[in-house]
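Data block below; observations after.
Note that the coordinates shown come from a computational prediction; the quantities given were computed from them, not determined experimentally. Start at 1 and go down the list; that is how both ligands and their atoms are numbered.
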Amino acid sequence: MEQIAENLKNFLQNVPAEIRLIAVSKRQPEEKLWEAYRWGHKIFGENLVQELVRKKDIFPTDIEWHMIGHLQKNKVKYLVPFIHCIHSVDSLDLLKEINKRAGKINRPISCLFEVHIAQEASKSGIIPDDLKHLLEENPLSQFPFVKIKGLMGMATNTDDTEQIRKEFHSLRQLRDELKQTFFAGNAEFKELSMGMSGDYQIAIDEGATMIRVGTTIFGKRLTK
Ligand SMILES: *Cc1c(COP(=O)(O)O)cnc(C)c1O
């Protein structure tokens with residue numbers, strides 16, 4: 001069996017079947033993606049628009065591509081024709097741009113709000129109070145081409161597992177709170193995209209519905 005296929009098989013043995021694995025293929029050689037694809041894995045995550053578009057053009061069209069990295073407004077137009085889900089919506093401006101570009105081609109786009117849950121200032125995302133404020137001021141009915149499916153978050157990069165657990169727990173609580181308020185009656189709003197190679201087990205314990213795992217499956221990334 002090929003190495004990546006074996007990694008995937010072993011990895012998925014310990015992941016509940018209802019959790020979706022986004023195989024994070026950023027800066028991985030194409031051959032490794034092919035191995036995953038041939039084995040039957042068809043959900044990939046990338047964090048750079050240029051690389052994502054390049055790979056999309058090379059690989060078969062039955063792959064679900066997920067954008068997990070920070071997204072600049074001026075690049076939205078390149079993604080809307082094919083992207084399966086944008087995990088990194090972190091501003092009203094971005095929301096507006098996705099809606100506008102998706103509307104032009106009449107293709108609603110699934111999105112997650114990226115929420116800042118980590119202690120590090122460097123981690124991106126919108127802080128919970130700002131997200132609630134955004135939702136109060138801007139009913140999502142204004143954005144018919146954006147389908148908000150849930151929340152995404154990244155925990156602090158630390159060995160302190162209790163800290164990580166607390167952060168994932170807070171994301172789950174926020175999802176539950178939003179589900180009862182701004183998303184009441186919206187069955188589509190349910191996703192929690194959280195957990196990477198170092199912390200996915202904690203994320204699963206805390207209710208992740210999608211995990212984004214790269215190096216555990218594909219090995220070390222190429223340097224830029
Ligand atoms: C790179 C990346 C991942 C995967 O990280 P690994 O540690 O390789 O599993 C997950 N989420 C985001 C947002 C990333 O940028």
Under 3.5 Å: N/O of Met152 near N/O of ligand 1:
no
Lys179 side chain to Phe189 main-chain N or O, any donor-acceptor pair under 3.5 Å?
yes
Can you tell me the protein heavy atom closest to atom 12 (C) of ligand 1 and the distance?
Ile68 CD1, 3.5 Å
Which residues satisfy the side-chain contact (heavy atoms from CB on, under 4.5 Å) test with Glu120, sequence neighbours excluded?
Ala118, Ser122, Lys123, Thr156, Asn157
May I ask you to decide whether Lys132 forms a salt bridge with Glu177, counting only side-chain N to carboxylate O separations under 4.0 Å?
yes
Within the side chain of Arg175, is there an N or O that forms a donor-acceptor pair under 3.5 Å with the backbone of Lys190?
yes
Atom 15 (O) of ligand 1 has as its nearest protein heavy atom Lys26 NZ, 2.7 Å
Quick one: which ligand 1 atoms are inside 4.0 Å of a heavy atom on Arg212?
4 (C), 9 (O), 10 (C), 11 (N), 12 (C), 13 (C)
Have a look at Ser110 and tell me which of Lys149, Lys147, Glu191, His66 forms a side-chain hydrogen bond (donor to acceptor under 3.5 Å, both in side chains) with it.
Lys149
Look at atom 8 (O) of ligand 1 and say which protein heavy atom is nearest, naming residue and atom and giving the distance to 0.1 Å.
Arg221 NH1, 2.7 Å
Backbone, side chain, both or neither: what part of His87 comes under 4.0 angstrom of ligand 1, heavy atoms only?
neither
Ligand 1 to Thr215, heavy atom cutoff 4.0 Å, flagged ligand atoms 6 (P), 7 (O), 8 (O), 9 (O)
Assess whether a salt bridge exists between Glu64 and Arg20, defined as any Lys/Arg side-chain N lying under 4.0 Å from an Asp/Glu carboxylate O.
yes
Under a 4.0 angstrom heavy-atom cut-off, which atoms of ligand 1 come close to Val213?
9 (O)
Give me the residue, atom name and distance of the protein heavy atom closest to atom 5 (O) of ligand 1.
Met196 CE, 3.5 Å
Going by the side-chain contact (heavy atoms from CB on, under 4.5 Å) test, name the single residue among Asp90, Asn138, Val146 that passes it with Leu95.
Val146
Can you figure out which of Ser193, Ser197, Ser124, Gly195 has its heavy atom closest to atom 7 (O) of ligand 1?
Ser197
List ligand 1 atoms under 4.0 Å from Gly214, heavy atoms only on the residue side.
4 (C), 6 (P), 8 (O), 9 (O)
Among all residues two or more places apart in sequence or in another chain, which pass the salt bridge (Lys or Arg N to Asp or Glu O under 4.0 Å) test with Arg165?
Glu162, Asp205, Glu206
